[in-house]
Amino acid sequence: MKKKVSIRKVLSLGLALAMLTGLLSGCGKEEKEKNTFTFATWAAGTELEEFQAIINKVNEAAGGEYKIEVLSIPSDYYVKISTKIAAKNCPDFFWMTQELISKYAQMGALANITEQFQGSENLTPDMYYEGVVASSMYDGSYWGLPWIANPLIVYYNKDMFDELGIACPGPQDDWTWEEFLDVCRKFSGQEYRGNTVYGTVVDGWPNIETFIWAGGGDIIAEDGQTILLSNPEAQKGMGYLQTIVAENLSPRYAEVASLGDNNVWFEKQRVAMYFGGMQDNFENKIAAMGEDEQFQIGYAPMPMCDDGGAWSFDWTASTVMAKSLEGNELAYKALEAVTQAFFEWKIAPPVKDSLENVLEIAPQKAAAMETIGYTMEYARSANYIPEWSDINDKLWYNLYVSLLNDANFDYKAKMNEIQQYSEGLVSKRQ
């Protein structure tokens, strides 16, 4: 499973959504035993083996009351899911990331599970971290059970901080974006281990939501209709990104790929700080390096937004259920059971009483636990709406990439333009 999903990953979903434009009713089902449910997953390889083991365990615990069968779709996942939906051959359960739930719910492809979720004796909305469970909501209803959370934290090279005499951020540091940039300035252009280093690396990751939130703004309001890109707070947040580009606090966009993925800049000790998901496996990677290449990792929360909100973008995924199973108690029982089993598989479990599971699942994260526990309390998803895929295209191609390539790019004018475009999309829905 992808540990983090960049804006570019989301862009490939446009085709999948287009295929659903003519969808008039919910998913159909193939003829099969009424207590047998198909679960589609993007897992493959070792992850698929682990997934299958969990399903086997859940099936065994069910004692024949129901059975879950696995359908692996390791490539073109959403295109194939959309094809199945359009062909009335929808999987009973399938994974869906937060940015797509509103779109599929609006199209009538998903079961509304609100009544069952709120009335459950085993797993209820108030058991989840608030920012996580919100990712499964649209139009006041719940459309899936979140099974994983992967909020952003700041990984930093403690050895580099110490050797260059720069104070490290704390594991629960309420630092501001201005303070973060000041730390970046202290590193950028310095020599460390024979290389010129940078404060951080930005190349389309972290996603644009991170920067817009930084100024205390947002892209879409909680009402799911009001576009906020023209607001001063949103534009101030993009100003932080402009500063990173203009002051060379990150390697240039065209330069990042020279080492491979952006995380390699951190692993090769070319940047001091990296915005990463708490699932990112730097600990094991660095432990496997030669002794002269290893370094001590430090952990800090994401910088606070200017409005005082310590928001960390949280990549989440939910398991959703086919519309044809709406209200089906046995199907929901199976969905709930497998979701709870996932809480012992991946970090970070999205429910409040499972933080201790992190060390069971990933003992290498012991040094990060203080930051992980702190971050889970304020991490959030964005306010995604059915039009998000089209809005996101504009944000990526017309705004983010343009600014990464040109520090003098008039990002405010472009945000105003995308504001008008987005309002036009929403008005068609109304």
Side-chain angles (χ1 to χ4, degrees), residues 1-5 37-62 65-74 77 81 91-98 100-101 110-111 113 116-117 120-137 142-151 277-281 314-322 325 330-363 365 372 376 379 381:
M1 185 187 69
K2 293 281 286 185
K3 297 295 188 290
K4 62 181 183 285
V5 180
F37 306 105
T38 301
F39 195 140
T41 170
W42 55 64
T46 301
E47 186 177 43
L48 180 60
E49 294 174 3
E50 295 171 352
F51 181 91
Q52 183 67 66
I54 291 171
I55 298 300
N56 292 344
K57 183 178 179 180
V58 171
N59 284 340
E60 182 178 356
E65 184 180 9
Y66 57 79
K67 179 182 179 182
I68 300 173
E69 296 178 342
V70 175
L71 172 62
S72 174
I73 308 177
Y77 176 79
I81 288 289
D92 298 300
F93 310 133
F94 51 104
W95 281 347
M96 179 160 286
T97 53
Q98 74 266 43
L100 290 176
I101 286 178
L110 309 182
I113 64 169
Q116 292 160 306
F117 191 18
S120 174
E121 297 181 355
N122 303 307
L123 188 62
T124 57
D126 60 359
M127 295 171 66
Y128 280 87
Y129 290 101
E130 184 178 353
V132 176
V133 75
S135 71
S136 67
M137 294 190 71
Y142 294 101
W143 302 92
L145 294 181
W147 61 274
I148 192 170
N150 189 21
M278 59 177 59
Q279 291 180 18
D280 283 352
N281 195 19
D314 196 354
W315 180 89
T316 66
S318 292
T319 302
V320 297
M321 190 162 66
L325 291 173
L330 185 62
Y332 188 79
K333 184 175 183 179
L335 171 64
E336 188 177 68
V338 75
T339 299
Q340 291 178 297
F342 287 154
F343 296 163
E344 299 178 1
W345 179 33
K346 296 285 190 178
I347 62 171
V351 288
K352 299 172 186 175
D353 66 353
S354 63
L355 193 61
E356 66 275 9
N357 290 3
V358 172
L359 286 180
E360 295 292 328
I361 300 167
K365 292 291 183 181
I372 288 175
M376 288 298 295
S381 175

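Computed from heavy atoms alone, side chains included, the values below leave out hydrogens, waters and symmetry copies. Residues take their numbers from the sequence shown, with the count starting at 1. Small disclaimer: the values here were computed from a predicted structure and weren't measured.
- The residue from Tyr128, Phe39, Phe93, Trp95 that alone fulfils the ring pair (Phe, Tyr, Trp, His ring centres under 6.0 Å) condition with Trp147 is Trp95.
- Heavy atoms from other residues, nucleotides or ligands lying under 6.0 Å from CD of Glu356 number more than 12.
- Residues forming a side chain to side chain contact (heavy atoms under 4.5 Å, CB included) with Lys67 (at least two apart in sequence, or on another chain): Thr36, Asn59, Glu69.
- Not counting sequence neighbours, the partners of Leu71 by the side chain to side chain contact (heavy atoms under 4.5 Å, CB included) test are Thr38, Ala40, Ile73, Lys84, Pro91.
- With sequence neighbours left out, the side-chain hydrogen bond (donor to acceptor under 3.5 Å, both in side chains) criterion links Asp126 to Thr124.
- Contact check for Ile101 versus Tyr142: no side-chain heavy atoms found under the 4.5 Å cut-off.
- Looking at every heavy atom in both residues, Ser136 comes nearest to Ser318 through CB-OG, 3.7 Å.
- Within 6.0 Å of atom NZ in Lys57, 12 or fewer heavy atoms from other residues, nucleotides or ligands are found, so the atom counts as exposed in its surroundings.
- Residues satisfying the ring-ring contact (aromatic ring centres under 6.0 Å, His included) criterion with Phe343, sequence neighbours excluded, are absent altogether.
- Without hydrogens or angle criteria, Ser381 side chain to Asp314 main chain gives no donor-acceptor distance under 3.5 Å.
- Within the 4.5 Å cutoff, the side chain of Val133 has heavy atoms near those of the Phe117 side chain.
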Side-chain donor/acceptor pairs under 3.5 Å, residues 331-341, sequence neighbours excluded:
from: Lys333; atom 1: NZ; to: Glu65; atom 2: OE1; distance (Å): 2.9
from: Lys333; atom 1: NZ; to: Glu65; atom 2: OE2; distance (Å): 3.1
from: Glu336; atom 1: OE1; to: Asn122; atom 2: ND2; distance (Å): 2.9
from: Glu336; atom 1: OE2; to: Ser120; atom 2: OG; distance (Å): 2.4
from: Thr339; atom 1: OG1; to: Leu335; atom 2: O; distance (Å): 2.7
from: Gln340; atom 1: NE2; to: Asn122; atom 2: O; distance (Å): 3.4

Determine, step by step, whether Val351 and Leu123 satisfy the side chain to side chain contact (heavy atoms under 4.5 Å, CB included) criterion, reporting the C-alpha distance in whole Å, the side-chain angles of both residues, the deciding distance to 0.1 Å, and the verdict.
CA-CA 9 Å; Val351 288; Leu123 188 62; 4.0 Å; yes
Evaluate side chain to side chain contact (heavy atoms under 4.5 Å, CB included) for Trp42 paired with Thr97, printing each intermediate quantity in order.
CA-CA 11 Å; Trp42 55 64; Thr97 53; 3.8 Å; yes
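- Annotation for Ala348 and Met376: closest pair CB-SD, 3.9 Å, computed over non-hydrogen atoms.
- Across all their heavy atoms, Ile361 and Lys346 have their closest contact at CD1-O, 3.6 Å.
- Of the possible donor and acceptor atoms, one in the side chain of Asn150 sits under 3.5 Å from a partner among the backbone N and O of Met278.
- Rounding to the nearest 0.5 Å places CD1 of Ile372 at 7.5 Å from CG of Leu355.
- Separating the CD1 atom in Ile148 from the CD atom in Gln279 is a distance of 4.0 Å, to the nearest 0.5 Å.
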Per-pair distances, 0.1 Å, donor-acceptor, side chain in residues 48-56, under 3.5 Å, sequence neighbours excluded:
from: Glu50; atom 1: OE1; to: Trp345; atom 2: NE1; distance (Å): 2.9
from: Gln52; atom 1: NE2; to: Asn56; atom 2: OD1; distance (Å): 2.9
from: Asn56; atom 1: ND2; to: Gln52; atom 2: O; distance (Å): 3.4

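- When the ring-ring contact (aromatic ring centres under 6.0 Å, His included) test is applied to Tyr129, no partner is found at least two apart in sequence or on another chain.
- For the side chain to side chain contact (heavy atoms under 4.5 Å, CB included) test, no residue two or more places apart in sequence or in another chain qualifies with Glu130.
- In plain terms, the two heavy atoms of Ala149 and Pro151 that are nearest each other are C-CD, 3.6 Å.
- For the pair Trp143 and Met137, the tightest heavy-atom approach, listed with the atom from each and the gap, is CD1-C, 4.2 Å.
- Here Ala362 pairs with Ile347, Gln364, Lys365 under the side chain to side chain contact (heavy atoms under 4.5 Å, CB included) rule; sequence neighbours left out.
- Residues satisfying the side-chain hydrogen bond (donor to acceptor under 3.5 Å, both in side chains) criterion with Ser135, sequence neighbours excluded, are Thr316.
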